[in-house]
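A quick write-up on the structure given underneath.
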Amino acid sequence: MLRRIIPALTLLALTGAANAQALNLTQPSYTHVSAGVGENSRGQRAYMIDVEHEFGHKYFVTGHYENISQSSNRPRQSVIDLGVGRYFNVYDRTTLDVSTSVGNFVEGSNVFSGSGNTFYTLNGGVRQRHDALEYRLGYRYIDMSGFDSNHGVVVSAHFYFTPQTALGVYFSDVYANSNWSFGLRVLY
């Protein structure tokens, strides 16, 4: 299925490229919804939804839900992660952001069940926007109950083919598990 989705989204991005060239996008986005599909280094497919919403002046809330498919003899895994952060303008079209979040990782689909492994994160990163291209390079520290704490890199890039719609690629490497995904972002 992923082999059919990627060419279709690539074609959509190329047809919108001419319109995106004329855009004058000047700041990275902190108010959007993203959805994607990806895989990790263990060969497991994941479906995810990310939300960021700016409130006040330069503050934002975050939400992340991920459902990870397993092999037929293991149940699904789910993650929910909710947080708050602040960003700072450090240069034209460039921001530095810091955030913290809490979450729950469970075997199964119900992330609100009493079982699972709770965690908290500390995050930092730099976002930069160049016309229709926005990218972020970040660092994530995570401390999950039942596991040693860990840290790693988080990278994303988005190409805006309309003023409010972008195709994105995401990569993270935390807990010796590389995750990548491909998705769509909509600003609101």
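With sequence neighbours excluded, the residues satisfying salt bridge (Lys or Arg N to Asp or Glu O under 4.0 Å) with R185 are E134. For D50, there are no salt bridge (Lys or Arg N to Asp or Glu O under 4.0 Å) partners, not counting sequence neighbours. Checked against ring-ring contact (aromatic ring centres under 6.0 Å, His included), Y170 has the following partners two or more places apart in sequence or in another chain: H158. In terms of the ring-ring contact (aromatic ring centres under 6.0 Å, His included) criterion, residue partners of Y188 (sequence neighbours excluded) are, by chain and number, H53. When the ring-ring contact (aromatic ring centres under 6.0 Å, His included) test is applied to F60, the partners found at least two apart in sequence or on another chain are Y30. Residues passing the ring-ring contact (aromatic ring centres under 6.0 Å, His included) test with Y141: none are found, sequence neighbours excluded.
Side-chain contact between L167 and L184 is present, with at least one heavy-atom pair separated by less than 4.5 Å.
Under the 4.5 Å side-chain heavy-atom criterion for Ile, Leu, Val, Met, Phe, Trp and Tyr, L137 and F171 are members of the same hydrophobic cluster.
The two residues L82 and G63 come nearest to each other via the heavy atoms CD2-CA, 3.9 Å.
Comment: D97 does not engage R86 in a salt bridge, judged by the lack of any side-chain N to carboxylate O separation of less than 4.0 angstrom. For the pair R127 and E52, the salt-bridge criterion is met [side-chain N within less than 4.0 Å of a carboxylate O]. Note on R140 versus D173: no salt bridge recorded, every NZ/NE/NH1/NH2 to OD/OE distance being 4.0 Å or above. Contact check on R129 versus D92 returns no salt bridge, with no Lys/Arg side-chain nitrogen under 4.0 Å from an Asp/Glu carboxylate oxygen.
To the nearest 0.5 Å, atoms CG (N117) and CG (N104) are separated by 7.5 Å.
The backbone N or O of R45 lies less than 3.5 Å from a partner atom in the side chain of S69, making a donor-acceptor pair. In this structure, the side chain of N40 engages the main chain of R42 through a donor-acceptor pair within 3.5 Å.
The closest side-chain donor-acceptor pair between D81 and S101 falls under 3.5 angstrom. Remark: the N67 side chain and the Y65 side chain contain an N/O donor-acceptor pair separated by less than 3.5 Å. A donor-acceptor contact closer than 3.5 angstrom links the side chains of Y87 and E54.
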(message) Working note: Y160 + S29, criterion side chain to side chain contact (heavy atoms under 4.5 Å, CB included); need CA distance, chi angles, decisive distance, verdict.
(response) CA-CA 11 Å; Y160 286 86; S29 170; 3.8 Å; yes
